[in-house]
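Chain letters run A, B, ... following the sequence lines, proteins first and then strands; every chain starts at 1.
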Amino acid sequence: MSTSSPVLSISAWRYRFSSETLLKLLFLLAALGLMLIGLVFPLYTMLLKSLQNSAGDFIGLANYRHYFSTPALANSIVNSFFIAILTMVLVVGLAFMCAYGMTRTCMPGKRIFRMLTLLPILAPSLLPAISLVYIFGNQGYLKALLGGASIYGPIGIVIGMCFWIFPHALMILVTALSNSDARLYEAARAMKTSAFRTFMTVTLPGVRYGLISCAFVVFTLAITDFGVPKVIGGQYNLLATDIYKQVVGQQNFQMGAVVSVILLLPAVFTFIADRWVQRRQTAQLSARAVPYQPEPSAVRDWTFALLCYAVAGIILLVIGTAVYASLIQFWPYNLSFTLQHYRFDGLGGSGWQSWFNSLKMAGSVALIGTLVIFTNAWLVEKGQAFAPLRQAVHLFSILPMAVPGMVLGLAYIFYFNHPGNPLNLMYGTLAILVLNTLIHFYTVCHLTSMTALKQLDPEFESVGASMKVPFWRTYTRVTLPVSLPAVLDISVYLFVNAMTTVSAVVFLYGPDTRLASVSVLHLDEAGYFASAAAMAVLILLTSMVVKLLHAALTYLLLRKAQVWRHR
Amino acid sequence: MKNALLHTLKKTTLALALGAAVAAQAASATELTVYTAVESDDLQKYAQRFNQAHPEITIRWVRDSTGVMTARLLAEKDNPRADVIWGLAATSLLLLDDEGLLEPYAPAGVEKLDPKFVDQNTPPAWVGMDAWVAAICYNTIEGEKLGVPMPTSWEDLTRPEYKGHVVMPNPSSSGTGYLDVASWIQLWGEEQAWTFMDGLHDNISRYTHSGSAPCNLAASGEAVVGVSFAFRAARLKSQGAPVEVVFPSEGLGWDMEAAAIVKGTQNLEAAQTLMDWAVSREANELYNEGYAVVAMPGVAKPIENYPADIVERMIDNDFSFAAVNRDRILQEWQRRYDGKTEAR
Amino acid sequence: MQRLQPASVTALVAESASDVMALTSPPQVCLRIESLSKQFGDFTALKSIDLEIYEGEFVCFLGPSGCGKTTLLRAIAGLELQSSGRIIQNQRDISKLPPQKRDFGIVFQSYALFPNLTLADNIAYGLKSQGYNKARIRERVAQLLSLIGLEGSEHKYPAQLSGGQQQRVALARALATEPGLLLLDEPLSALDARVRLHLRQQIKSLQQALGVTTVMVTHDQEEALTMADRIVVMNHGVIEQVGTPEEIYRHPVNAFVASFVGTMNLLPVEIASASGVLLGSQPVACQPHVLQPGAAAHLGIRPEEVVLFDQPSSDAVLEARVVHSEYLGAFMRVTCDLLMQDQQVVVDLQHTDAERMVIAPGREVYLQLPQRYCRIFAEQER
């Protein structure tokens, strides 16, 4: 007999049961509501808009007919694909060689190379574009290298995109190449297979899914990017910049919606293809695989080292140029140093206020987003009851990856600025920026959470339930602490992306909520290039500091938890 | 001892109460959301001057270039966010008035303004502030280096030696860009104007989003010739940029910066207060610090880098023509030249 | 069976098992399962299961993987909701209750210990919500730790223990709240052979000492035979047989049970009479059965029940040749080809006998199938 009265505890359990299941249902419904309001309804509204005229009457596909009969507009499709495919080929090729160097050779300086290649992610994509103007523009210090060609246009766009997409590709390929099975190489060697044949028959097939996935990611990032072509695109039109031009420059919202739908198509297509490939990839590597350990080989190691150093050198050159540009009095006529460009006085773009706004926004996204996304992933993975609802939430959580930022941003205008929508109170506030950014970067965080949760013992919740401990206690006492490294990764990912993103938020900022990244854009377009560079550098520094704090925090936490994490 | 303590406590309470009262008053101060295309260099100055007279009203600026601001106001037609427009092209305000977006109001003292600067309706839907005038920025250093001579007329810009050296704002997004196009059409008639623009287009290296950008690009040597407006050109030259301000001989296009109340504002009284101030002498003196021509006669003093005869060189502008035909002209412009617009 | 006062646990451990058994008669039903079915889409995991489990007994669900044994256990725990049927625990219908409202402790194959909590916190995990105060929690934790032989390890973390120790902690945690039913889901499968053997005995004696009704899922027939009071043999979602280990081993009801539990020669035969069959053309006497003459059936006999002669004998009706012999320590397993039929029979021999008879491949031998061991199984339908 336990001491507490059985009658009392039974009724307590009954109460807890109903409240627990109800609570889970409420959470799931809230998660579903979030995805509906943050993603589905806005996109639906946008789709409708593309079928209406400016007065709001339904006109079928007339807008699309107009689009395709206007060469200036339809040309952008060809341009966008050309740029995206060219970028894809260049980035995947280069990233593969660097990733190979990092995983399959004994090249010196791997760690520092890895750190340097992270830098581009920490800056808005506007930064490389601004730097390129200083390097290759009409007054650029390396202008001669272009041999008379103009940096404003496809050349600049592709170089700029390669710069900021490269780290994404490198991370995917390093992971793919790390998952190797040394036993296959031993077998190949035992059969006296040539190095080339081993590469073609063992190495390449082993990473083919990683390569395909990487190509898709690069393609999608390139076709949807807005920052680089905005700054350096010159007269070369792309889909992403067309949306902006239609909406902001020419108040033609319907045409903006049409271009958005067109841009959505390739993004959705690559997304579906990637999911399909990912599904085939599972269980390719057995748990028994022995990781491959490269042996030193001077020629090979130094060849790859030089290649990687060259890449790192370019990264440093581009970032260094932005820093330099922000410190120069008046390029190219007065090269004395000054900090005046960091004052942002009397320039468009709200100055330091926008930086504080960005901090506030990124902080909120990191905090709220991490909790919401991880909890939703937990409900999906460990929720037990309400399987169809959990499936729906999971599906909606994967979808945002397929939606380009520009499209999401425009969809938000349509949905949240509708006078009949009670949520229009959010329009122009920080809240809408937070919601938009959270949804925009939802998928990666969701998948990271799911991976972390799948690594946990599937029976934690059952054990908790068998001991009559409410699920939220097991969640806070066990699940969250054990998953802390993943949770921290998510929060820093969200912070950095919220800090650097331009595409979605550029439609949504209000008078008091202009963000630093949007300021970079406005400063650049008003012709204050040095201040634009300064603001971009400021964002980069902020992200770097946060990243370093994150690294330190993770290190401390892991050291504290070493007792129980160590296996 | 006890008394002293009590005394301190009383004082603290009083201070707290006072503080609360001040805070409450501050909170009760009206906040006006003001949409503007005024050059961002001067926004703070405008708000400060206004607040010297009316500290109880706080201004929340929303600034972008003329086309964007116009687009934004149109987009928010059903759900207006702005209280007042202070500093937007008159052509745009005419358009907004047509859409029924403006609240007519005759500011106190409006009769002192040059009637040309006030909307014809009674009460007027908008009142003018100043005129901003087209001008060309020419980078002397790069011009010499590249052998590109300083232009003196619009016609010069179509000559082959300017090929690839001219930057101009996109009329769809930039008020300056549109006033250029509208003024050429008024100067030469449609046919000749489009022929001129065809020739100009061949020499253009880039159409920019904002009206200041061409001048900034010229100043930093990214372009040799920037089609821009006098305010920016004069300001950059004063700041020491190697630019010469050129006022083309054929005549100068111009537009008016104007102010209006947005229909449906929750702060009508404060909005009217702002409008009253916007036509005042102090305000006109403020405008004159950047612009040579202002709405109130007799206020304007000559300013640095502007020619003395600027008023004579401004074309006889027909605002209603520019406003009524804005859509049509822009469509035609986009049809002809849009391939070269700076991504925006 | 009375629930134990925490203080009396250690006292009871000393008591002999027979006392506990004595208390249980007449047996009281602890858990009754009534026509329980579970459907996963098109797949039927459980087909109308009926089962009674008595107070204090140790029941094993035994069967190959996918037979539904784990599903049945999870249904009892409320971790899986049945498609139809009822579960009654101590006269209370718990069919629709979530796990939190049922009364059980559970141990999983993976231990499922919380890695970030100390052993003490793991064991005390459910105690706080049961209204235990700090002092009582500490006392209870110490008690349980000494029960599983890990005294003084309160502040260690699971990762610092071996697999067997971790599983004992999991057991202590499951017992901490004194549940009326202990569920063990393949608790020993993740451990290596020696630890498994040791823990098997520990769990069994702990269960006997505490008298807690226990259900264990296993696919290991040896584990089931040594630990269970009763075994529930399952296959394809149905219960094939329920009985004591001896009943299951000695008197399997069908060919499946016969071959799954222990080793059984299953020879295809044709029914000749009520106690006779034809093995090929050779008549063999067997146990009485109800099958019709002419029907096809299986004759089942365990290797240790076959008698092997090295000389022709009047009892030995089958001639055979040794094709293979395996050394299995205590005995030798000999595979023989029947000379008359194209069939094999496996025979277990005492090591000494095998040596005496010089058993080697190629050797001709003579087999006797004693009538009382010759079970007849009908052809299975599936």
- Between chain A and each of B:Gln239, B:Arg335, B:Glu39, B:Glu142, count heavy-atom pairs under 4.5 Å; write down the option with the most. B:Glu142
- Message: Are there over 12 heavy-atom neighbours, none belonging to B:Gln44, within less than 6.0 Å of that residue's CD?
- Response: no
- Whatever's closer than 4.5 Å to a heavy atom in chain A on B:Leu330 counts as neither
- Query: Does A:Gln139 reach the main-chain N or O of B:Glu222 with its side chain, forming a donor-acceptor pair under 3.5 Å?
  - Reply: no
- Item | From CG (B:Asn216) to OH (A:Tyr528), nearest 0.5 Å | 5.5 Å
- By side chain to side chain donor-acceptor pair (under 3.5 Å) - contacts of B:Asn325 (at least two apart): B:Arg328
- Task: Specify the closest pair of heavy atoms between B:Ser210 and A:Glu525, including all atoms of both residues, with the distance to one decimal.
- Result: OG-O, 3.2 Å
- Option that, when pairs with chain A are counted at under 4.5 Å, heavy atom only, ranks first among B:Pro214, B:Gly164, B:Ser220: B:Ser220
- Please examine the side chains of B:Pro242 and A:Phe330, heavy atoms only from C-beta on, and report whether any two atoms are closer than 4.5 Å. yes
- Distance in Å, B:Leu74 CG paired with A:Phe253 CZ, rounded so as to fall on 0.5 Å steps: 8.5 Å
- Could you tell me whether the side chains of A:Tyr427 and B:Glu76 share a donor-acceptor contact shorter than 3.5 Å? no
- Under the 6.0 Å and 45° cation-pi test, does B:Arg72 pair with A:Tyr509? yes
- Item | A:Ala526 backbone acceptor or donor facing B:Ser212 side chain under 3.5 Å | no
- Query: Heavy-atom distance under 4.5 Å to chain B: side chain of A:Asn424, backbone, both or neither?
  - Reply: both
- May I ask you to establish whether B:Arg206 and A:Tyr152 are in a cation-pi arrangement, using a distance under 6.0 Å from NZ or CZ to the six-membered ring centre and at most 45° from the ring axis? yes
- Side-chain donor-acceptor pair present, B:Tyr337, A:Gln235, cut-off under 3.5 Å: no
- Answer whether the closest heavy-atom distance between the side chains of B:Asp64 and A:His522 falls below 4.5 Å. yes
- Taking C-beta and beyond as the side chain, do A:Asn417 and B:Arg81 meet within less than 4.5 Å on heavy atoms? yes
- Straight-line distance of A:Gln246 CD to B:Gln334 CD, nearest 0.5 Å: 7.0 Å
- In terms of heavy-atom contacts, does CD of A:Gln340 have more than 12 from other residues, nucleotides or ligands at under 6.0 Å? yes
- Task: Might you confirm whether atom CD of B:Glu31 has over 12 heavy atoms from other residues, nucleotides or ligands at distances under 6.0 Å?
- Result: yes
- Spacing of OG belonging to B:Ser40 relative to CZ belonging to A:Phe344, to within rounding of 0.5 Å: 13.0 Å
- Could you tell me which portion of A:Phe529 (side chain, backbone, both or neither) has an atom closer than 4.5 angstrom to a non-hydrogen atom of chain B? side chain
